[in-house]
Amino acid sequence: MKLILGFSLALFSLTLTAKELTVEQLFSVQSVKVQEKSASHSKKNYGFVKVDEARVHHIAPRFGGYVEKIYADKIYTYVKKGAPLVTVYSPEVYKAKEDYVNSYYYTKTRTNKGMLKSAKLRLSLLGVNQKEIETLIKKKKVSKNTTIYAPLSGYIFKKNISAGSAFNAKALLYEIVNLDEVWIETKIFAQDVSWLQKATDFDISFQSTPKHYKAISKLLYPKLDEKEATFTLRLRVQNPHHTLFPGMYATVLSSDKAQTYLTLPSDAIMRKDGKTYVFVVGEYEGEYEPLQVTAKPLNPHTYIITDGLNAGDEVVSNALFMMDSDAQINGLY
């Protein structure tokens with residue numbers, strides 16, 4: 001039995017047999033083969049650059065004193081490790097230095113060096129630079145002033161002193177932030193937490209630079225933001241050239257490990273009543289057979305075929321081209 005169906009763009013005839021239902025197109029159509037592709041799933045989130053808290057150092061002397069000379073006099077300037085920050089006068093430190101030099105002379109002819117060791121330890125505990133302590137013995141002269149040096153390279157994010165100002169012990173003079181590594185913090189919805197456990201690659205981009213960055217570690221904060229119903233994901237990123245600064249807006253593309261799939265373009269897939277169909281190229285030229293398959297989207301342009309087809313099978317590249325209202329009414333698929 002043969003049934004002729006009218007189409008707006010093409011003319012099809014329907015041949016019904018006991019074993020198969022076949023659509024014959026009266027002119028050629030384009031086709032595509034099922035291919036094996038290695039691909040990964042991905043998700044996009046957004047976040048901001050944050051300072052790595054482990055790379056923040058506070059300059060808070062263990063003694064009080066007065067500012068004599070400031071070297072690092074501007075906020076947000078970059079200082080290298082070991083560079084002088086400020087020279088101060090501290091009566092407590094000055095006395096400790098005198099005690100150390102006097103102990104040196106006192107114990108010079110004695111075998112018991114306990115007094116000298118105690119005096120040196122006191123200077124170390126006050127935070128006096130080791131080189132300055134060694135210079136005391138070499139020069140055998142005590143300077144009233146003491147210089148504070150940068151303990152690490154970084155940017156001065158806080159400066160709380162000015163020329164001639166006084167400060168107490170434990171007062172914060174400087175905050176130095178090292179940006180060789182930074183954090184990227186992004187908000188994650190609860191339904192994406194399981195996805196993050198599978199994600200192995202995080203590609204991070206910024207509008208201010210064409211360079212893409214890779215996360216070297218990740219940490220999901222074990223706390224839910226009740227107002228936003230989100231978790232916070234922290235990614236650690238290397239920043240040796242200091243092109244990333246706190247507050248910068250970041251786009252985070254997370255991907256899982258690549259897997260091999262059988263794939264077809266999304267145009268070759270047609271969905272009807274919750275089922276998925278393709279039109280398989282038949283044995284003869286111009287012959288096409290609707291076939292139900294199991295498929296799921298890999299991305300907006302590609303479907304994964306999990307059942308019904310094998311690599312190399314040929315199907316119509318545009319499934320919608322093969323159907324119209326008449327075909328649907330007659331229950332062809």
Side-chain angles (χ1 to χ4, degrees), residues 19-23 25 28-47 184 186-205 211-220 230-231 233 235 237 250-323 327-328 332-333:
K19 294 184 178 179
E20 63 180 358
L21 182 64
T22 303
V23 177
Q25 188 181 12
S28 62
V29 296
Q30 294 182 346
S31 62
V32 63
K33 291 184 177 181
V34 179
Q35 295 183 353
E36 283 190 351
K37 288 187 178 180
S38 180
S40 60
H41 296 83
S42 61
K43 283 184 179 290
K44 184 180 288 188
N45 296 91
Y46 302 94
I184 310 296
T186 179
K187 297 295 184 180
I188 302 296
F189 290 103
Q191 59 266 29
D192 291 333
V193 171
S194 60
W195 155 258
L196 288 173
Q197 297 174 350
K198 301 176 184 178
T200 57
D201 181 76
F202 296 88
D203 182 85
I204 306 167
S205 58
K211 182 179 178 181
H212 285 239
Y213 296 79
K214 296 293 184 180
I216 57 177
S217 68
K218 66 178 180 180
L219 174 65
L220 184 67
T230 58
F231 288 94
L233 175 68
L235 303 172
V237 174
T251 300
V252 180
L253 186 66
S254 55
S255 305
D256 60 5
K257 187 176 181 180
Q259 300 181 43
T260 300
Y261 303 101
L262 294 179
T263 64
L264 279 175
S266 56
D267 289 344
I269 302 294
M270 184 179 64
R271 297 188 66 84
K272 168 75 173 171
D273 297 332
K275 299 178 181 179
T276 308
Y277 297 88
V278 296
F279 285 93
V280 180
V281 175
E283 182 179 355
Y284 302 102
E285 183 177 356
E287 188 177 70
Y288 305 94
E289 179 182 358
L291 176 68
Q292 182 180 342
V293 298
T294 304
K296 60 181 180 180
L298 174 64
N299 56 51
H301 309 290
T302 309
Y303 268 75
I304 298 172
I305 307 300
T306 58
D307 187 45
L309 292 171
N310 299 312
D313 288 347
E314 192 171 2
V315 303
V316 175
S317 61
N318 191 341
L320 291 178
F321 183 73
M322 298 295 291
M323 79 170 195
Q328 295 184 51
L332 176 59
Y333 36 77

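All heavy atoms count here, side chains included; hydrogens, waters and symmetry mates do not. Position 1 is the first residue of the sequence, and the numbers go up from there.
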Participant: Do K44 and T251 make a side-chain contact, defined as non-hydrogen atoms from C-beta onward lying under 4.5 Å apart?
Facilitator: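 Heavy-atom side-chain distance check passes, below 4.5 Å.
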
Participant: Just by modelled atom types, is the L196 backbone N or O under 3.5 Å from a matching donor or acceptor in the K218 side chain?
Facilitator: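 Yes; judged by distance alone, with no hydrogens or angles, the pair exists.
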
Participant: What pair of heavy atoms forms the shortest contact from A250 to I184, and how long is it?
Facilitator: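 Looks like CB-CG2, 4.0 Å.
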
Participant: Evaluate whether atom NZ of K296 has more than 12 neighbouring non-hydrogen atoms of other residues, nucleotides or ligands under 6.0 angstrom away.
Facilitator: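 Incorrect, the count does not exceed 12.
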
Participant: Sub-3.5 Å donor-acceptor pair from the side chain of T230 to the main-chain atoms of I188, do we have one?
Facilitator: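 Flag not set: sc T230 to bb I188 has no pair under 3.5 Å.
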
Participant: For the CG atom of N318 and the CZ atom of F279, what is their distance to the nearest 0.5 Å?
Facilitator: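 Reported value, rounded in 0.5 Å steps: 10.5 Å.
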
Participant: Do the side chains of D203 and K214 get close enough for a salt bridge, i.e. N-O under 4.0 angstrom?
Facilitator: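 Yes.
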
Participant: How long is the straight-line distance from OG of S266 back to NE2 of H301, given to the nearest 0.5 Å?
Facilitator: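 Reported value, rounded in 0.5 Å steps: 7.5 Å.
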
Participant: Closest approach of T276 and A295, non-hydrogen atoms and distance?
Facilitator: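 The answer is CG2-CB, 4.1 Å.
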
Participant: Return yes if some donor-acceptor pair links the side-chain N/O of T263 with the main-chain N/O of Q35 below 3.5 Å, else return no.
Facilitator: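 At least one qualifying donor-acceptor pair exists.
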
Participant: I need the L233 CG to L219 CG distance, nearest 0.5 Å.
Facilitator: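 Between atom CG of L233 and atom CG of L219 there are 8.0 Å.
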
Participant: Do you know the tightest heavy-atom contact between A199 and S254?
Facilitator: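 The answer is CB-CB, 4.2 Å.
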
Participant: Minimum heavy-atom separation for S317 to V32, with atom names?
Facilitator: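 That closest heavy-atom pairing would be CA-CG1, 3.9 Å.
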
Participant: To check you understand the geometry: which heavy-atom pair defines the closest contact between V315 and L309, and what is its length?
Facilitator: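 Closest heavy-atom pair between V315 and L309: CG1-CD1, 4.2 Å.
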
Participant: How long is the gap from NZ on K37 to OG1 on T260, to the nearest 0.5 Å?
Facilitator: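 Atom-to-atom, K37:NZ and T260:OG1 are 12.5 Å apart.
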
Participant: Rounded to the nearest 0.5 Å, how far does NZ of K275 lie from CE of M270?
Facilitator: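 One gets 12.0 Å once the value is rounded to the nearest 0.5 Å.
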
Participant: So, do D192 and F231 sit near enough that their side-chain heavy atoms are less than 4.5 Å apart?
Facilitator: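 Result no, sub-4.5 Å side-chain heavy-atom pair not found.
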
Participant: Do L262 and E36 have side chains that get closer than 4.5 Å, going by heavy atoms?
Facilitator: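 L262 reaches E36 side chain to side chain.
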
Participant: Do V280 and D313 have side chains that approach each other closer than 4.5 Å (heavy atoms only, starting at C-beta)?
Facilitator: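 No, their side chains stay 4.5 Å or more apart.
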
Participant: For E314, is there any backbone N or O sitting under 3.5 Å from a side-chain donor or acceptor partner on S31?
Facilitator: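 Pair absent, no side-chain N/O of S31 close to backbone of E314.
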
Participant: Drop me the distance from T294's OG1 to Y303's OH, to the nearest 0.5 angstrom.
Facilitator: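 Atom-to-atom, T294:OG1 and Y303:OH are 13.0 Å apart.
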
Participant: So V252 and Y46, side chain to side chain contact (heavy atoms under 4.5 Å, CB included) or not? Walk me through it.
Facilitator: CA-CA 6 Å; V252 180; Y46 302 94; over 6 Å; no

Participant: Which atom pair, heavy atoms only, marks the closest approach of T200 to D256?
Facilitator: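 So the minimum-distance heavy-atom pair works out to OG1-C, 3.7 Å.
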
